[in-house]
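These notes are about the structure you will find just below.
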Amino acid sequence: MRSFASFVLLAVLASPVLAQTPTVSLLIDNGFPSSGTLSIRSVLNSVATRKGQTFHFGSTWDTSYSSAEASWMTNVYNTFFNHMVAENGCKWSATEPTRGVSSLTQCLGVQSYAVARNASFRGHNTFWHEQLPSWLPGSVTASDLVTNVIPQHVQQEIQGMGAGVTSWDVVNEIVGDGVSNGMCVQNKNDWPTKTADGSGTNLVTDLSFLHAAFTAALQYAPSTTRFSVNDYNTSGNDAKTACMFALLADINANSAVPYNRLAVGFQSHITAAPGQFTAKSDLANTFAKLAALGATGMITEMDVKLSDTSSASERYQAAIWGDYIDACLYASNCFEFINWDPRDDLSWLGASGAGTLFDTNGNPKPAAYEVAARLQRYASGATELCATALGTSQCTVPAGSGSSTSTGSTTSASTSTSSATTTTTPTGPTGCASPMWGQCGGIGWAGCTGCSSGTCQVANAYYSQCL
Ligand code: G3I
């Protein structure tokens, strides 16, 4: 007969989701609201005051919503979101269904709705290998594509949508998942770097399609609009993220887009499971590296898929969302945060994915309250919390919540702005030096703490850099 202890052990092993879901500590356990009406429009104004410019916090909108859904959305926009993106209405299939004929009805419809709600609007997207009009990929030649088709499409869409667009996803999902053979931009091995007929013959064999898109965007957009490369899995410490940085340098060099107009959109379609999202420390590092270039980062399509809607899972979801919004808030160069789809039953994940801030009845979930709390706490001037998604073994939010304590390897983070000039305390080996722009310190950093050029300056608790 099995002992009670071995029965418990087997039960735990048979419940991988429970076993993997860490216990987390949240602001909503510590004095911030976890129920009742959520109204944060005025908080967003205070966030903007601390940020020094508008903080755009929003969601998708689709013109196909029913009147009941639209009515719910209107209420949420009046109280919660201040920013909007068209889920599908600005994609190529919607905006140029016939070659050379601009059709911005859907895209303008979403923008008008945003304006009516006193919300800002961003553009998604001018180029993607999905949701193409039926005449594409078609039989256009590489030369026609790069010289005519792409520039004309980008021009007519960006010009047509005018000045009221905070940022455009000029290209979407073009960084390859498998970085190999020195070619890291593979456009997902899809059109136009590979023909759609499966012949394996490349249509465009270089990045001229990309340069054409950015050159046109720069030429026809107002000077206030940012241009982003929007992709998934480019916010971490890995080869795909490195490719993204190489790509930015390429766009800067070949399309003459200055870094202060360039942005990376981190889509952030993630799953609530350890290892299935970018750690807060890596997010902070990536934002800081972009800031060092003068470029912006933004969270553009956040959802956090759940395998169940237990309290533990929803709390873990809230902790992850909290880390992501904190990483954006405390970065000096993040001003847009989009939640992909407004509520679970309107999500591309399906209601069972439970991946959004609001449930299928339209009620705010713990993640919505936690995000509201993070915004409020940031607006009050408080320092950054430790990474709550690591669980209570490493990050505990204290009662009172004006500050954070932590145990283990993660400590409470300092206020982080790009203007911080404090020289970091060495945490890695001495006697070696990082080059200009290289990392030279931060939580978890085990590399060189000296600089062969410049001085080591703290960007945030996780990242110091030779500048
Ligand atoms: O409009 C047609 C409709 O006429 C038809 O009856 C119906 C039948 O299925 O399909 C409708 O089109 C659907 C479209 O959404 C509009 O609802 C497509 O089938 C469907 O594939 C499409 O899905 C969108 C998907 O992009 C396309 O890949 C999702 O709504 C949208 O959320 C999703 O968004 C993408 C981002 O643009 C880029 N990053 C990933 C993200 C999630 O996949």
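Residues take their numbers from the sequence shown, with the count starting at 1. Each ligand, and each atom within it, is numbered from 1 in the order the structure gives.
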Cation-pi geometry met for K240 and Y232 (6.0 Å, 45°) = yes

Within a distance of under 4.0 Å, is there any protein heavy atom near atom 7 (C) of ligand 1?
-> no

Can you pull out the closest protein heavy atom to atom 22 (C) of ligand 1? Residue, atom name and distance to 0.1 Å, please.
-> Q131 NE2, 3.8 Å

Any N or O on N88 sitting closer than 3.5 Å to an N or O of ligand 1?
-> yes

Output yes when the distance from some N or O of ligand 1 to some N or O of N172 is under 3.5 Å, and no in every other case.
-> no

Ring pair (Phe, Tyr, Trp, His ring centres under 6.0 Å) partner of F209, the single match among F214, F127, W191 | F127

heavy-atom search around atom 40 (C) of ligand 1 in the protein gives E301 OE1, 3.3 Å

Between F266 and Y324, is the gap from one ring center to the other below 6.0 Å?
-> no

Considering only the protein, which heavy-atom contact is closest to atom 26 (O) of ligand 1, and what is its distance?
-> K91 NZ, 3.2 Å

For the residue pair W128 and E173, confirm or rule out a side-chain donor-acceptor distance under 3.5 Å.
-> yes

Pi-cation contact, Y378 with R374 (under 6.0 Å, within 45°) | no

Might you point out which heavy atoms bring T79 and N75 nearest each other, and give the distance in Å?
-> OG1-O, 3.0 Å

Under 4.0 Å from atom 10 (O) of ligand 1, do we find at least one protein heavy atom?
-> no

Under 4.0 angstrom from ligand 1, any heavy atom of Y232?
-> no

Taking N or O atoms only and a 3.5 Å limit, does W348 qualify as a polar contact for ligand 1?
-> no

More than 12 non-hydrogen atoms from neighbouring residues, nucleotides or ligands closer than 6.0 Å to NZ on K365, yes or no?
-> yes

Is there at least one protein heavy-atom neighbour under 4.0 Å from atom 16 (C) of ligand 1?
-> yes

Is there at least one pair of N or O atoms, one from D341 and one from ligand 1, spaced under 3.5 Å apart?
-> no

Return the residue, atom name and 0.1 Å-rounded distance of the protein heavy atom closest to atom 36 (C) of ligand 1.
-> H124 NE2, 3.4 Å

Scan the protein's non-hydrogen atoms and note whether one is under 4.0 Å from atom 1 (O) of ligand 1.
-> no

Heavy-atom distance to atom 32 (O) of ligand 1: which of Q267, E87, E130 wins?
-> E87

Under 4.0 Å to a heavy atom of E173 - the qualifying atoms of ligand 1, by number | 38 (C), 39 (N), 40 (C)

Can a protein heavy atom be found under 4.0 Å away from atom 28 (O) of ligand 1?
-> yes

May I ask you to check whether H124 and W168 place their ring centers less than 6.0 Å from one another?
-> no

Minimum heavy-atom separation for C334 to F55, with atom names?
-> O-CE1, 3.8 Å

Distance below 4.0 Å between atom 4 (O) of ligand 1 and any protein heavy atom?
-> no

Is there a donor in the side chain of H153 and an acceptor in the side chain of W92, or the other way round, less than 3.5 Å apart?
-> yes

Pair E336-T166, side-chain donor/acceptor within less than 3.5 Å | yes

